[in-house]
Amino acid sequence: MAGQKNCFRITFATMDLHFVKRGGIIFYMKNVVLTFFFAVMLCSCREKQAEIVENPLEKPTIVGFSQIGSESSWRTCNTNSIIRAAESEGFQVVYADAEQKQENQIRALRSFIVYRVDAILFAPIVESGWDGVLSEAKEAGIPVIVVDRKIRTKDKSLVAGFIGENALEEGQKAAEFLLKKYADMSDGEKRNILEITGTADSSTAKERSRGFREMLSEHGNGRFSVIFCESGDFLRSRGNEIISQIIAYNGGELKIGTKKIDIIFSHNDAMTLGILDALDKGGIAPGSDVTIVSVDGEQSAINELKRGRLNCVVECNPRTGEQLMKLVKTVLSGGEIPAESYVDEDLFCEFDNLTLLEGRGY
Ligand code: AHR
């Protein structure tokens, strides 16, 4: 037909993510070679159109993502947020779940180096012990961005930067809630605290603890004391175990020695839910017999807060994906990123009107 031009439009579609087992690590990857389908369509166009041609041989950007595990709904949301954001940038994701073991994470990072990924994203289970493998990544010229938890290293140049929650502030907010709740305590009155921390040597647990304790000792006028502290490893089962043992050991009472526990500060919602089960079983009313402050903001914890069985939930925001991808694009184009970036975080407590609170989605 006069004035019409035959043009080719080349499109491609991607297949679903699929799992490949390799050396004990689960790779959750999108393989560009396997997933590109070409549909070549001959069509009649009324007006001249630009020809769109994708080059199937162009190497995709591949990011290796080493996640700690899947210990909580918070973690699952964090994983999904990062994978989805990476995909929507068109990155291929090689995902490795460390199942709570540092040695698995080190092995995963080494696999990423061998695989020659373009960037490594890495949520470190603990703070220390990473220098060796990170030096290998540096030698291979692969930039590393640390997410969620921080690392301790002598050589700051081993990583491009960190993005995640502000755990120090989360601890401070938990303490501020208590200062407000007990503002009217009379002189001489004291409150005893049981602190159940997250994974030992994780930056998150250390900073939550530090922020919490510093705030109370600066502003609590000696009226709050942490009388017992134990690591629950961020696991529901451990939260349950610790409280069940204390109750059993003390003949059904929630106390340490002769001191009644007035407040429980639990470093995450998963442990808190285990604690609630133990208190229920022991006939102790959470939220009234004992004040409970938790961290994360999972839907199930917010539901308990609404029922009066928790007193405060400090949000730890798992949705780092979008902000993280901005940083990834910067480092991939040779730019520098801030040493530390944080996500926005809120606090929900018994003083708030929670009826309008949107569903949390995790
Ligand atoms: O590092 C973040 C913490 O890890 C979250 O509070 C917790 O739920 C997760 O296990």
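Just so you know, ligand 1 is whichever comes first in the structure, and atom 1 is the first atom listed for that ligand.
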* May I ask you to list the atoms of ligand 1 that are less than 4.0 angstrom from any heavy atom of Glu71? => 4 (O), 9 (C), 10 (O)
* **Note: Asp187-Arg223 ion pair, threshold 4.0 Å (strictly below)** => no
* **Electrostatic pair Glu195:Arg213 at N-O distance under 4.0 angstrom** => yes
* Asked: Taking the six-membered ring for Trp, is the centroid-to-centroid distance between Trp130 and Phe122 below 6.0 Å?
  -> yes
* Those atoms of ligand 1 less than 4.0 Å from some heavy atom in Glu165 -> 1 (O), 2 (C)
* Atoms of ligand 1, numbered as shown, that sit under 4.0 Å from any heavy atom of Asn268 -> 6 (O), 7 (C), 8 (O), 10 (O)
* **Atom indices of ligand 1 within 4.0 angstrom of Arg149 heavy atoms, with elements** => 1 (O), 3 (C), 4 (O), 9 (C), 10 (O)
* **Carboxylate-amine/guanidinium proximity below 4.0 Å for Lys150 and Glu207** => yes
* Shortest non-hydrogen contact from Arg238 toward Gly232 -> CB-O, 3.0 Å
* Salt bridge Glu253-Lys260, side-chain N to carboxylate O under 4.0 Å -> no
* Does Glu298, backbone or side chain, put an N or O under 3.5 Å from an N or O of ligand 1? -> no
* Got a salt bridge between Asp262 and Lys190, using NZ or NE/NH1/NH2 to carboxylate O under 4.0 Å? -> no
* **contact_flag Glu170 ligand 1 heavy-atom lt 4.0 Å** => no
* **Under 3.5 Å: N/O of Ser72 near N/O of ligand 1** => yes
* Asked: Based purely on interatomic distance, does His267 place a nitrogen or oxygen under 3.5 Å from a nitrogen or oxygen of ligand 1?
  -> no
* **Under 3.5 Å: donor-acceptor pair, side chain of Asn78, backbone of Trp74** => no
* To do: Examine ligand 1 and decide if any of its atoms is less than 4.0 Å from a heavy atom belonging to Asp296.
  => yes
* Pull out every atom of ligand 1 sitting under 4.0 Å from any heavy atom of Asp148, numbered as shown with elements. => 1 (O), 2 (C)
* **Numbered atoms of ligand 1 (with element) below 4.0 Å of Phe234, judged on heavy atoms** => 7 (C), 10 (O)
* **Numbered atoms of ligand 1 (with element) below 4.0 Å of Arg208, judged on heavy atoms** => 6 (O)
